[in-house]
Number of protein chains: 2
Amino acid sequence: MSTIKDIAAEAGVSVMTVSNVIHNNYARVSPATAQRVREIMARHQYVPNMAARSLISKFSHIIAVLLPVWHGSAASMLLDPYTGQLVGYLEELLREKQYYVMVCSFQQADEVLTLQQTWQMDGMILVLPHEDAITRDLIQRAQAPLVVFDRYYEDLPMLSVCLNDRLGGYTATRYLLEKGHRKIGFAAPTIYESSVIQDRFQGYLSALSEYHLQTKKDWLFDGVVHQEGGEAVAHALSQMSDRPTAIVATEDLLACGILKGCQERGMQVPEDMSVVGFDDSMPAQLITPRLTTIAQDIRQKAATGVQQLFHAMEDATYRNAHAVLDIRLVERQSVWDIRHAGAGADS
Amino acid sequence: MSTIKDIAAEAGVSVMTVSNVIHNNYARVSPATAQRVREIMARHQYVPNMAARSLISKFSHIIAVLLPVWHGSAASMLLDPYTGQLVGYLEELLREKQYYVMVCSFQQADEVLTLQQTWQMDGMILVLPHEDAITRDLIQRAQAPLVVFDRYYEDLPMLSVCLNDRLGGYTATRYLLEKGHRKIGFAAPTIYESSVIQDRFQGYLSALSEYHLQTKKDWLFDGVVHQEGGEAVAHALSQMSDRPTAIVATEDLLACGILKGCQERGMQVPEDMSVVGFDDSMPAQLITPRLTTIAQDIRQKAATGVQQLFHAMEDATYRNAHAVLDIRLVERQSVWDIRHAGAGADS
DNA sequence: AAAAAAAGTGAAACCGGTATCATGAAAAAC
DNA sequence: GTTTTTCATGATACCGGTTTCACTTTTTTT
């Protein structure tokens, strides 16, 4: 563990010369000296100390990837296949640019602010697989550039990356309508508190209204999450007299729970109950029947967020941007075509 | 962003006194002074700078959680529900002790060593959802305490946390035998290169030998991974004349792929093909029929690893420990009882 | 040939803490 | 009453880099 001084001493130059070599400051050091210093560094396996560097330069090269603790269970924060994949891509993209990822669960904005200060974090990325209460607070009080995934507030300057969620909700619903469904429900972890789910919901409503249809209060399932939530929905459906023939679910795992719950309660899927999910994550391929879902390009999403972050780190005036990414429908077998009572999606 | 000097100046004391207050060094500062300084720190929202601290103290309070890049695709590194959950628990446990998690994907030991040096990482945790080539190299060359999950080398001093994998393989196989199965296959991402899978395999073999049975070369599926791998196994099975009646698969997703692939090829599951998985991760509950699997306590696993790590950080002689955690069989519906041809596991 | 500019290098201060040791005052021991 | 010990606090060096600026030497300009 040699320091810059050891290298300088061995090369017979000052530490400044070594520093200039490290930073490829060609204008300030002769090629011959640079070459000699580089060899000595290689031989010693010299690596600069980030603590010393960031102490004076004020750049830590650390990016916080913030994962809100959900329902008091920090443990499940990365369980979500979508979140895991997104974090994986973020790490990859940031590392390319010599930035490093610190994953941090948190419950309050204060925690994050303290964290940011202690580590002098250059930027922060908020990954929101689910609803949380503190995003707004954090956006307003953040001391470093902050990019938020899957949430936006129109009245707040912020950097965000979302999907075209309205189109997503619309596309899912429209697809069901075109397959002949007229009684279509909607299930989500929280319909009214999340901007993106609200958008999906609005898309759902507008597709219905194009067919001069309305939703029904009983067909709206709010506060249902993951597979358990989906099974609860299935239970409710099984008890219902005027039951919808299809459900739009805002996450795949929820959709899978509905399918599975319906099956276990003796319904045929998709014949008796069709479902469209969101995300195209791993469960979509695992469930029988395979899930028709609104897919997103997670890698592109990560790249967009990183781009925004770096833009903001370079330009202090860039603090308001809202990226909206495309979605696409992935057609599989979880939707029944009730027009000709054909077999699944491809009839 | 006030510094320790600002606080000291305002309190009319030296920086050392402030430092002692921060570290609750009761013996070195009077209660009255401590109180006064604390108030000023609170008012300024003072937070110590980790870079400055670690520069001199040599403790960064950073723990690297290393995730090997798998098949050149960094992206999928956290996709695995098991890995995600483990990382989540690790973050939670480390944060409690004021240590912070840097997630790092990597391909070569050199990368890690460089990383460890630049950040002066206090410790490293290697999470190995799958086989990799460089673990051995890394263990030998690590400059900081390193805890390895799910891998061990008998000839190398190292800190590791594994399951009782031999018992796991044995239990899964024994269970199938007791349900009347006599033709039992084994599927794994790599049977011969991973210590833990080798253990599971040995457990499988020893259970068979208790019944005076042997495996058959055709019933061993090596190099099959995830759902796709499982579906490939299913394909192979469907082509087979003398086909096993049950398979032990070393990961849930693989097991699920087999079940799903068999279904799609017209077999009845579990009637025509029973499967036992490993991990009890999310897919186990999602598949139809729900998967019988060898479960592990991931939280306990994380806690054990963290414990080893801290022990090693405090005691430089503690560099060789091998924790073996219990497993348990979770009985669900993916195994057919062929003795009385009853319905599923509970007949 | 003298003056100006550029290139190459180094000295010293500095970032924000911690470690070490010194200092002065009060308390305890003799 | 003097000496010793304890207690509370401070002065200073230091960690390993970067920034700033000064200093030579060489090259270019006039």
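Each chain gets a letter, A, B and so on, in the order its sequence line appears, and its residues count up from 1.
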I'd like a list of close polar pairs between nucleotides 25-27 of chain C and the protein, N/O only, cut-off under 3.5 Å.
none

Margin query: Please determine whether side chain to side chain contact (heavy atoms under 4.5 Å, CB included) holds for the pair Leu90(A) and Val127(A), giving the CA-CA distance in whole Å, both sets of side-chain angles, and the decisive distance to 0.1 Å.
Written below: CA-CA 10 Å; Leu90(A) 288 172; Val127(A) 176; 4.2 Å; yes
Show every donor-acceptor pair shorter than 3.5 Å between a side-chain atom in residues 303-313 of chain A and any protein atom, with sequence neighbours excluded, or say none if there are none.
unit_1, atom_1, unit_2, atom_2, d
Thr304(A), OG1, Gln300(A), O, 2.7
Gln308(A), OE1, Ser160(A), N, 3.4
Gln308(A), NE2, Ser160(A), O, 3.0

Using residues 27-34 of chain B as the side-chain source, report each donor-acceptor pair under 3.5 Å to any protein atom, sequence neighbours left out, with the distance given to one decimal.
unit_1, atom_1, unit_2, atom_2, d
Ser30(B), OG, Thr33(B), N, 3.4
Ser30(B), OG, Thr33(B), OG1, 2.7

Margin query: Any side-chain N or O of Thr33(A) below 4.0 angstrom from OP1/OP2 of dG8(C)?
Written below: no
Notebook entry, point to check: Any idea which heavy atoms bring Ala144(A) and Met124(A) closest together, and the distance?
Noted result: O-CE, 4.0 Å
Check: Can you find a heavy atom in the side chain of Leu325(A) that is under 4.5 Å from one in the side chain of Gln296(A)?
Finding: no
Note to self: Please enumerate all residues that pass salt bridge (charged side-chain N to carboxylate O under 4.0 Å, His left out) together with Arg38(B), with sequence neighbours excluded.
What the structure shows: none
Next item on the list: Only counting residues at least two apart or in another chain, list the ones meeting ring-ring contact (aromatic ring centres under 6.0 Å, His included) with Tyr46(A).
Entry: none
Note to self: Suppose we screen for salt bridge (charged side-chain N to carboxylate O under 4.0 Å, His left out). Which residues come up paired with Arg319(B), at least two apart in sequence or across chains?
What the structure shows: none
Item checked: Helical bend (five base pairs per end, nearest 10°) for the helix from dA1(C)-dT30(D) to dC30(C)-dG1(D) -> 40°
Just distance, no hydrogens or angles: give the donor-acceptor pairs under 3.5 Å from side chains in residues 4-16 of chain B, sequence neighbours left out.
unit_1, atom_1, unit_2, atom_2, d
Asp6(B), OD2, Thr3(B), N, 2.9
Glu10(B), OE1, His44(B), NE2, 2.7
Glu10(B), OE2, Arg43(B), NH1, 2.9
Ser14(B), OG, Met16(B), N, 3.4
Ser14(B), OG, Thr17(B), N, 3.4
Ser14(B), OG, Thr17(B), OG1, 3.3

Next item on the list: Applying side chain to side chain contact (heavy atoms under 4.5 Å, CB included), run through Ile22(B) and Met41(B) and close with a yes or a no.
Entry: CA-CA 9 Å; Ile22(B) 293 167; Met41(B) 291 198 296; 3.8 Å; yes
Check: Roughly, in whole Å, what's the span from CE in Met41(A) to C1' in dG17(D)?
Finding: 13 Å
Item checked: Pair Asn49(B)-Met1(B), side chain to side chain contact (heavy atoms under 4.5 Å, CB included): steps then yes or no -> CA-CA 10 Å; Asn49(B) 179 322; Met1(B) 33 211 69; over 6 Å; no
Next item on the list: Assign a letter to each nucleotide of nucleotides 10-23 of chain C from its 5' end: B, base within under 4.0 Å of a protein heavy atom; S, sugar-phosphate only; -, no contact.
Entry: BB--BBBBBBB---
With a 3.5 Å cut-off and sequence neighbours excluded, list the donor-acceptor pairs that the side chains of residues 54-63 of chain B form with protein atoms.
unit_1, atom_1, unit_2, atom_2, d
Ser54(B), OG, Met50(B), O, 3.1
Ser54(B), OG, Ala51(B), O, 3.4
Ser57(B), OG, Arg53(B), O, 2.9
Ser57(B), OG, Phe59(B), N, 3.2
Ser60(B), OG, Ile62(B), N, 3.2
Ser60(B), OG, Gln120(B), O, 2.7
Ser60(B), OG, Asp122(B), OD1, 3.4
His61(B), ND1, Gln98(B), O, 2.6

Notebook entry, point to check: For Asp315(A), which residues count as a salt bridge (charged side-chain N to carboxylate O under 4.0 Å, His left out) partner, sequence neighbours excluded?
Noted result: none
Margin query: Let's see if you get this right: which residues in residues 115-122 of chain A place a heavy atom under 4.0 Å from DNA chain C?
Written below: none
Next item on the list: Nearest whole angstrom, please: distance from the C1' of dT9(C) to the CG of Asn25(A).
Entry: 12 Å
